[in-house]
2 protein chains.
Amino acid sequence: MRAATIENPPPESRTVRPLARPLNALEVEIIDLFVQFSHILGQPKSVAEIYGLLFAAAHPLSMEEMMERLNMSKGSTSQGLRFLRNLGAVKPVYVPGQRATHFEAVAQLRTLAMRFLRDQVLTRLDNSLDRIDHMAALVENLPSEEREQVRARVGMLQSWQKKTRKVLPVVMRTLGA
Amino acid sequence: MRAATIENPPPESRTVRPLARPLNALEVEIIDLFVQFSHILGQPKSVAEIYGLLFAAAHPLSMEEMMERLNMSKGSTSQGLRFLRNLGAVKPVYVPGQRATHFEAVAQLRTLAMRFLRDQVLTRLDNSLDRIDHMAALVENLPSEEREQVRARVGMLQSWQKKTRKVLPVVMRTLGA
DNA sequence: AAATATGTTCATAATAACTTGAACAATCAA
DNA sequence: TTGATTGTTCAAGTTATTATGAACATATTT
């Protein structure tokens, strides 16, 4: 190998975008942990990768840096960032002299849990009270030999609904301490 | 149309399995509610359909009845029942004079939530403590200008871990009342 | 034993979810 | 204004998950 190759790189290499620093061992660990969480929470891996990278970062990152370091497409990165921004898990930060918006992780468990539950759980549950009331009405049409049994079951749904409503505040209190 | 067709059905129709009673309006409502839950919990629709049908039923049902009434394949029904049995959401019931095992829903919110969290959440989280400890060690290898920032983040993960551990008992207490 | 009924397993098919990349805006710099 | 940069959207491709049905095993009845 000639020294010139190192001291005078060929012209075309000057135009090539500088390679992003590969992930270090700690970044890999942290990202991997969030990816594990993402499975439990039913979220796409790409979202977890972005959040993990920002969580492990000492400085805000631009979308392009994330794309390169995670080896992720523009589309996924953009959509993942939107999701995280809407959730409040990530916030835009102005970095002087840099045109692109940079982002940093918002690491507040209580807030994240709250918004996640609201967006992903409660919104899909909001009509269930009406639905259960409707069921209670339908029970009356049943043949008499089934009616009592099923009425009891619908009653359980109502009780489940009440108990579940009590859970959220308690969880928030526990996480917020 | 000749009356004979009605009064004397052709021989082959005698061997056809009697059509299962179609789902009534209330059953459809209840099943649909559980299917909605299944999305939130990340479980297959077939599992929710089976549980919903049993929840709405005044009597235990055999696997074959479920297949017919839900119009579901044998494989899905068998696997869905196994999942529900392992979860404790369904229990086998002996019905005199009937060869096939029948099942009924176990409608205890506290128990169901407990086992679901244990099987689907806690088992996937059990190594996270060790992983975070490992991260704390890796932090020391970082360049000094990043070290403090990232150390703080790893510290947050440890704190999240502790808070999350406190949540489960509190949830159980709230649901069990 | 033979025929029937019950239930499990698993390769394949069908479906749903995620990711990609190219086309398109919008913004900024020269 | 032109060219470069930044960012969004969405159709199409890829991957992961679920459902199906046939083959098999086991138990029950005749």
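Throughout, protein chains are lettered first and strands after them, A, B, ... in sequence-line order, and every chain is numbered starting at 1.
The separation between A:Leu70 atom CG and C:dT20 atom P is 10 Å, rounded to whole Å. B:Leu81 has its CG atom 13 Å from the P atom of D:dA19, to the nearest Å. When rounded to the nearest whole Å, the span between CD of A:Gln79 and C1' of C:dT20 equals 10 Å. Rounded to whole Å, the distance from CE on B:Met67 to C1' on C:dG7 is 10 Å. Summarising the geometry, the separation between CE on A:Met72 and P on C:dT20 is reported as 7 Å, rounded to the nearest angstrom.
Annotation for A:Glu104 and A:Pro60: closest pair OE1-CG, 4.0 Å, computed over non-hydrogen atoms.
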Output side-chain donor-acceptor pairs under 3.5 Å for residues 150-158 of chain B, partner residues at least two apart or in another chain, one line each.
residue	atom	partner	partner atom	Å
B:Arg151	NE	B:Glu148	OE2	3.1
B:Arg151	NH1	B:Glu140	OE2	2.7
B:Arg151	NH2	B:Glu148	OE2	2.8
B:Arg153	NH1	A:Leu54	O	3.4
B:Arg153	NH1	A:Phe55	O	3.0
B:Arg153	NH2	A:Ala105	O	3.4

Taking distance alone, no hydrogens or angles, what donor-acceptor pairs closer than 3.5 Å link side-chain atoms of residues 163-177 of chain B to residues at least two apart or in another chain?
residue	atom	partner	partner atom	Å
B:Lys163	NZ	A:Leu175	O	3.4
B:Lys163	NZ	A:Ala177	O	3.4
B:Thr164	OG1	B:Trp160	O	2.7
B:Thr174	OG1	B:Val170	O	2.9

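In this structure, the nucleotide among C:dT20, C:dT8, D:dT8 sitting nearest to the side chain of B:Met63 is C:dT8.
Look at B:Arg82 and you'll find a side-chain N or O under 4.0 angstrom from OP1 or OP2 of C:dT9. In this model, the phosphate group of D:dG21 is not approached by any side-chain N or O of B:Ser73 to a distance below 4.0 Å at OP1 or OP2.
Taking 4.5 Å as the limit, some side-chain heavy atom of B:Leu23 sits within range of a side-chain heavy atom of B:Arg69. Residues B:Glu49 and B:Met66 form no side-chain contact, since every pair of their non-hydrogen atoms from C-beta on lies 4.5 Å or further apart.
Using a 4.0 Å cutoff on non-hydrogen atoms, the parts of residues 83-105 of chain B near DNA chain C are B:Arg85, B:Arg99, B:Ala100, B:Thr101, ordered by number. The stretch residues 34-62 of chain A comes close to DNA chain C through A:Pro44, A:Lys45, A:Ser46, each having a heavy atom under 4.0 Å from the strand.
Residues satisfying the side chain to side chain contact (heavy atoms under 4.5 Å, CB included) criterion with A:Leu125, sequence neighbours excluded, are A:Val121, A:Ser128, B:Phe37, B:Ile40. Partners of B:Thr123 according to the side chain to side chain contact (heavy atoms under 4.5 Å, CB included) rule, which considers only residues two or more places apart in sequence or in another chain, do not exist here.
A side chain to side chain contact (heavy atoms under 4.5 Å, CB included) with B:Ile30 is found for one member of B:Leu26, B:Asp32, B:Leu33 and no other, namely B:Leu26.
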